[in-house]
Amino acid sequence: MRLGIGSAFIVAVGAWLLPYGLDSYAIHVVNVMLVFALLAVGLGLCMGVGGQVNLAQIAFFGVGAYATAILTTHSGFGFWVSAVLAVLATAATGLLVGTPALRVQSHYLGIVTLGLALAFTNWVTNAQIAGGAEGISNIPVPTIPGVDLSSEYLYYYLILIVFAFMLVFGLFVVRTALGRRMRAMRDDALAAGALGADVPVLRMTAFLLASVYGGVGGVLYAGLIRYVAPESFSIANMFLLLGMVIIGGRQSLIGCVAGAIGLYLVRELLVDHPTFAQIGYGSVVVLVVVFAPTGLAGLPPRLRHWIAHRRGRVGSEAARLGEFQPYSPVERADGSEADILVVDGVSKQFRGLKALDDVSLSVPSGQIRGIVGPNGSGKTTLFNVISGLYRPDAGRVRFAGDDVTNRPPYRLSRAGMSRTFQNLRLFGDLTVRENVLVALDRTRTVSSWRYLLAPLSIVRRDRDLRRRADEVLDRYGLTAFAGLPPKSLPYGTQRRVEIARAVACRPSLLLLDEPAAGLNGDEVRKLGEMVRSIRDTGITVVIIEHNMGLVMNLCERITVLASGRVIAEGTPASVAATPAVIEAYLGDSMDVPSEVNP
Ligand code: ADP
Ligand code: MG
């Protein structure tokens, strides 16, 4: 859900004037509601945008509030010094809570983070320093010269300004490189890694963001209520927060805010009916999950898509696939080039099955190498070992002169290896342009500190990336689909998007896993031209393919696998005449496999 500048301005003016119409109780409600909206935005960033289930958000909130309380009342620090320390403490907690995300995912992560949240509530209820069940009172009023923050009306403006700043920052993250990479990780962590996204750092970043929002929320809350007690950070409140994010639409931060305001108001309305309160907002959450799984924020896009569908627009997109414009070839040095890829004695076993058995091959720079073999002969497994998805049981892989055995995929991607997948792995909730943008972005996630210290450099870089993405889309004839989700495109077009995305990484070695599968004759011919042109820019291509016409035409050398072993290697003509190859395919012609294994 995009807010235009105009509507943002109206909302801002409305928010600024709001206290004039509210009594002292209502302003209190609004203040707490804004704190919850801030927490919801943080949760949305981690869970909705980054895909990391985080049920410890309420504990982050608690750490921020309690740290402020303890530091101001026990250590004699002023409010603002305590506030900074509290946010730092929460960020450290965030990194701690995020570490399980490096090992476990989805519901397991939910259980682990929930456990940590429970541990926190348990600790504050029992620890002497946290005041036990009574909590800590007498937190001093934060002071700003000339402003009396003990008035909730004026405190409102403090919360509002911090909230607005952090919301805008969150939106900035979501709409630029870091957010795109987080969304890519959410959609398909494996493909994101293969495109160079350092997934572990990215996961920690998601938790770091969530914790900072939680910590700031806690500080604001401590200064507002000036009293902290365990029940504010209970699991019931965690589920309230979760409800806010689910109702609003977890992928949209504005949606999270809308969900937070909506659900908080429902809770206020039901405050005199505690019997029904939990059931009340519980049913709201269930209704939304059933009837609008993408939340309130997901409704407008779904409506637009539905209308476009009704008008038959989606179907007609296929006609607008443009022609691929060949790259201008680069001069290649003559003579024997060094081998860019060397696979040496690689074996890989899956329980009883030897998927790869002592496989060796070398690919010289600038070659188009075909890998063929019957289904199940280990071709994809070989790619998975080369690109770092699988660890080989034995053997080494050398790439561009380095031993890269067991290197994680994102490091191989950074070193210049790029691949496509046999069963397309496009990021489904990103547009075609964003899919390409993720690949074009070659920065490391740790450089995201720039978001805080040099936001303008982020804006400039994003503009540059977008320009380059448009060039890529134009070259591959995909401009008409730039803003569409890949799933809405015909299969052949999706395959092309995946190749464009893989080449956008600027690899020196490109691995294509059955790129012609599912394409029609004309598309296969175009694919051949495309691959040749990609090679002419100096990229070495290794291509797994069942379409023998394409392989014979395109590849300079072919390696044949059968039952995990290399049974032949040579020029297309010599390989086709090798008796072992003919036998492996149980036929007398190289055409057979495409019929046997469609
Ligand atoms: P190809 O790509 O040549 O069709 P694969 O490399 O996908 O073959 O598979 C080779 C063999 O290894 C198959 O028998 C397949 O079932 C098995 N295999 C591949 N990946 C796994 C896995 N992750 N776990 C268990 N078995 C696997
Ligand atoms: Mg395969």
Side-chain angles (χ1 to χ4, degrees), residues 105 188-191 193-194 199 341 343-361 363 368-395 397 405-406 408-409 412 417-426 491-492 494-495 498-499 502 509-519 524 527 531 541-548 550-552 554-555 557-569 575-576 578 580-587 590-598:
Q105 278 296 295
D188 190 335
L190 201 141
V199 172
L341 176 69
V343 176
D344 184 17
V346 161
S347 296
K348 177 74 191 170
Q349 185 138 352
F350 296 110
R351 298 216 177 84
L353 178 88
K354 259 206 152 154
L356 292 177
D357 186 4
D358 195 21
V359 169
S360 297
L361 59 96
V363 182
I368 303 181
R369 165 68 58 99
I371 310 268
V372 302
N375 266 346
S377 55
K379 305 181 297 295
T380 299
T381 305
L382 177 63
F383 268 19
N384 287 343
V385 168
I386 295 173
S387 61
L389 290 182
Y390 291 166
R391 287 169 166 262
D393 301 323
V397 177
T405 324
N406 298 334
L412 290 170
M417 191 189 289
S418 190
R419 68 169 292 180
T420 64
F421 295 88
Q422 182 171 351
N423 309 308
L424 290 167
R425 298 193 87 122
L426 291 165
Y491 193 71
Q494 292 188 42
R495 283 243 176 247
E498 216 192 16
I499 293 176
L509 174 67
L510 177 64
L511 308 171
L512 299 173
D513 195 347
E514 300 204 24
L519 302 193
V524 171
L527 172 71
V531 172
V541 181
V542 181
I543 176 171
I544 294 176
E545 197 36 78
H546 266 318
N547 186 312
M548 281 304 147
L550 181 66
V551 172
M552 291 305 202
L554 189 63
C555 302
R557 272 182 95 77
I558 296 177
T559 303
V560 188
L561 284 181
S563 312
R565 302 186 68 94
V566 177
I567 56 163
E569 187 180 313
V575 159
T578 308
V581 174
I582 296 167
E583 194 189 332
Y585 278 119
L586 301 170
M590 286 296 282
D591 285 328
V592 173
S594 57
E595 286 155 24
V596 174
N597 309 307

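Heavy-atom basis, side chains included; hydrogens, waters and symmetry copies ignored. All residue numbers refer to positions in the sequence shown, counting from 1. Read the numbers this way: they start at 1 and go in the same order the structure lists the ligands and their atoms. As the structure is a computational prediction, the values presented were derived from the model and not from experiment.
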Evaluate R557 against E569 for salt bridge (charged side-chain N to carboxylate O under 4.0 Å, His left out), listing each step before the verdict.
CA-CA 7 Å; R557 272 182 95 77; E569 187 180 313; 3.7 Å; yes

Under the criterion side-chain contact (heavy atoms from CB on, under 4.5 Å), I'd like the reasoning laid out for L527 against I499: C-alpha separation, chi angles, the key distance, then a yes or no.
CA-CA 10 Å; L527 172 71; I499 293 176; 3.4 Å; yes

Which is it for I386 and M417 under the side-chain contact (heavy atoms from CB on, under 4.5 Å) test, yes or no, and what are the steps along the way?
CA-CA 9 Å; I386 295 173; M417 191 189 289; 3.8 Å; yes

What do the steps show when you test D513 against F421 for side-chain contact (heavy atoms from CB on, under 4.5 Å), and what is the final call?
CA-CA 5 Å; D513 195 347; F421 295 88; 5.8 Å; no

Could you check D344 against S360 for side-chain contact (heavy atoms from CB on, under 4.5 Å), going step by step and ending with a plain yes or no?
CA-CA 4 Å; D344 184 17; S360 297; 3.9 Å; yes

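Taking 4.5 Å as the limit, every side-chain heavy atom of V359 sits out of range of all side-chain heavy atoms of K348. Residues V566 and L561 form a side-chain contact, since some pair of their non-hydrogen atoms from C-beta on lies under 4.5 Å apart.
Atoms of ligand 1 found under 4.0 Å from any heavy atom of N375 (numbered from 1 in listed order, with element): 4 (O). The ligand atoms of ligand 1 that sit less than 4.0 angstrom from a heavy atom of A355 are 12 (O). Within ligand 1, counting atoms from 1 as listed, the ones closer than 4.0 Å to a heavy atom of T381 are 5 (P), 6 (O), 9 (O), 10 (C), 19 (C).
In this structure, F383 does not count as a contact residue of ligand 1, since none of its heavy atoms falls inside 4.0 Å of the ligand. Residue-ligand proximity: G378 is placed with a non-hydrogen atom under 4.0 Å from ligand 1.
With a 4.0 Å heavy-atom cut-off, ligand 1 is reached by the side chain of L353 but not by its N, CA, C or O.
Put simply, the side chain of S347 gets close to the backbone of D358: a donor and an acceptor are under 3.5 Å apart. In this structure, the side chain of E545 engages the main chain of A516 through a donor-acceptor pair within 3.5 Å. A donor-acceptor pair is defined here as one N or O able to donate and one able to accept, closer than 3.5 Å; such a pair exists between the side chain of E498 and the backbone of R425. Side chain of K379 to backbone of I371: no donor-acceptor contact under 3.5 angstrom is found.
Among all protein heavy atoms, the one lying closest to atom 23 (N) of ligand 1 is Y390 OH, 3.0 Å. For atom 4 (O) of ligand 1, the closest non-hydrogen atom on the protein side is G376 N, 2.8 Å. From the protein, the heavy atom lying nearest to atom 2 (O) of ligand 1 is T380 OG1, 2.7 Å.
Paired with L554 under the rule side-chain contact (heavy atoms from CB on, under 4.5 Å), one option of N547, V541, V531 passes, and it is V531.
Shown are the protein N/O/S atoms under 2.8 Å from the Mg ion (ligand 2), given by residue and atom: T380 OG1, Q422 OE1.
In this structure, atom 6 (O) of ligand 1 is in close contact with the protein, since a protein heavy atom lies within 4.0 Å of it.
Geometrically, ligand 1 and F350 share no nitrogen or oxygen pair separated by less than 3.5 Å.
When the options K379, E514, Q349, Q422 are ranked by their closest heavy atom to atom 3 (O) of ligand 1, first place goes to K379.
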